Amino acid sequence: MRADEKLIDGKAFARRLRHDLHEQAVALHARTGVVPTLAVVMVGEDPASAVYVRNKVRATEQAGMRSVAHHLPGDTSEAELLALIATLNADPSVHGILVQLPVPQQIRRDAVLDAISPEKDVDGFHIVNAGRLAVGRRDGFIPCTPLGCLMLIKSVRPDLAGQQAVVIGCSNIVGRPMARLLQQEGCTVTMTHLRTRDVAAEARRADILIVAAGRAGLVRGDWVKPGAIVIDVGINRVDTPAGARIVGDVAFDEVFPHVGAITPVPGGVGPMTIACLLQNTLQAARKAAAAT
């Protein structure tokens, strides 16, 4: 296998998905008059969040959908933010609501996530949507990053039944929903984290290894089973003599010779997260159109 054949090109996959979503959004508008609309709320001036919000707004508009941005000052109270969410919940022209995380310390994260209507929770973080996924239902919204990861995995290995999967990281945003999705595909799943005893030994058993631990270069070359699919969810900024770089949770150069396929950082999972956000927004708009 050539080296370039091992790379899972998330940019190219996401570009194709966004093109397909654009066609579907245009068709939905022509048929029903509904324009899929995503409201993005940001509180404060976090630079990384500002970049993410701009990327999401731009991608939404490029996909033939409408974006509505609300940028609130950093001293916004929890009550003020919840009031805005209630207004967006009640607005029939808004199909998806995304509150960019993190929020300032005076605002409880869980209060914000619980306030968003499950029918507009296109991030898939509401406890109702998490519960649906936990019991094997696919009628709610699936968190965007795990959904994108699953698409990339299946682009390499369409049938996952019987595969050994190991997830490093147990967050509600990536690790836990990722494990649920892989179980539903017929994988035997082991969930690990930074406190797992001998996490390297667990990783070596994996036919499919998903790494979302938030630690640069955690997974080394001798952690990976030959021929494994490795999905690197990590986004870490590291300083080098040549300047700052964005790297993943996988020591890419060490791991690459051993894998069957691997996502690069950047250019792997990140573009898929935004594309899946648009897919969820289109799904929400279709449900709203069907209900009217």
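What you are looking at is a predicted structure, and each value in this text was computed from that prediction instead of being measured.
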Just list the side-chain donor-acceptor pairs under 3.5 Å for residues 103-113, sequence neighbours left out, or say none.
residue	atom	partner	partner atom	Å
Gln106	NE2	Gly74	O	2.8
Gln106	NE2	Thr76	O	2.8
Arg108	NE	Glu78	OE1	3.0
Arg108	NE	Glu78	OE2	3.2
Arg108	NH2	Glu78	OE2	2.5

Does any non-hydrogen side-chain atom of Ile173 lie less than 4.5 Å from one of Pro143? no
Under a 3.5 Å distance rule, please check whether Arg204 uses its side chain to pair with a backbone N or O of Asp222 as donor and acceptor. yes
Check this for me: does any side-chain nitrogen of one of Arg137 and Asp139 sit under 4.0 Å from a carboxylate oxygen of the other? yes
Apply the test side chain to side chain contact (heavy atoms under 4.5 Å, CB included) to residues Val269 and Asp232: give CA-CA distance (whole Å), side-chain angles for both, the deciding distance (0.1 Å), then the verdict. CA-CA 7 Å; Val269 173; Asp232 190 351; over 6 Å; no
Measure the spacing between CG of Leu133 and CG of Asn129 and express it to the nearest 0.5 Å. 9.0 Å
In the structure I gave you, are the side-chain heavy atoms of Val41 and Leu98 within less than 4.5 Å of one another anywhere? no
Taking the side chain as every heavy atom from C-beta outward, state whether Leu147 and Gln279 have any pair of such atoms under 4.5 Å apart. yes
Around atom CZ of Phe13, are there more than 12 heavy atoms of other residues, nucleotides or ligands at under 6.0 Å? yes
Counting C-beta onward and ignoring hydrogens, is there a side-chain heavy-atom pair between Arg286 and Gln24 closer than 4.5 Å? yes
State, yes or no, whether a side-chain contact exists between Asp249 and Val219 at a heavy-atom distance under 4.5 Å. no
Stacked cation flag Lys6 on Phe252, 6.0 angstrom / 45 deg: no
I'd like to know whether NE2 of His193 has more than 12 heavy-atom contacts from other residues, nucleotides or ligands below 6.0 angstrom. yes
Does the side chain of Ser67 come under 3.5 Å of the side chain of Glu61 through a donor N or O and an acceptor N or O? yes
Just how far is it from atom CG of Leu38 to atom CG of Leu278, taken to the nearest 0.5 Å? 7.5 Å
Verify salt bridge (Lys or Arg N to Asp or Glu O under 4.0 Å) between Lys154 and Glu185, making sure each step is shown before the conclusion. CA-CA 10 Å; Lys154 295 188 74 171; Glu185 294 291 331; 3.1 Å; yes
Answer yes or no: is there a side-chain heavy-atom contact under 4.5 Å between Leu88 and His70? yes
From CG (Asp121) to CD1 (Ile97), nearest 0.5 Å: 9.0 Å
Looking at side-chain heavy atoms only, is the closest gap between Val166 and Ile208 below 4.5 Å? no
Are more than 12 heavy atoms, taken from residues, nucleotides or ligands other than Arg195, located less than 6.0 Å from that residue's CZ atom? no
Report, as yes or no, whether the 6.0 Å neighbourhood of atom CD1 on Ile246 holds more than 12 heavy atoms from other residues, nucleotides or ligands. yes
Checking side chain to side chain contact (heavy atoms under 4.5 Å, CB included) against Ile210, which of Ile231, Leu150, Thr263, Leu181 comes through? Ile231
Would you say the side chain of Glu45 lies within less than 4.5 Å of the side chain of His71, judging by non-hydrogen atoms? yes
Spacing of Met151 atom CE and Arg16 atom CZ [to the nearest 0.5 Å]: 12.0 Å
Can you measure from CG (Leu28) to CE (Met65) and round to the nearest 0.5 angstrom? 9.0 Å
Spacing of Met42 atom CE and Leu72 atom CG [to the nearest 0.5 Å]: 10.0 Å
Modelled atom types, side-chain donor and acceptor of Ser93 and Thr37, under 3.5 Å: no
Consider only side-chain N and O atoms of Arg157 and Gln163, and report whether a donor and an acceptor are under 3.5 Å apart. yes
Do Lys56 and Gln100 have side-chain atoms, one donor and one acceptor, less than 3.5 Å apart? yes
Are the charged groups of Asp239 and Arg237 less than 4.0 angstrom apart, N to O? yes
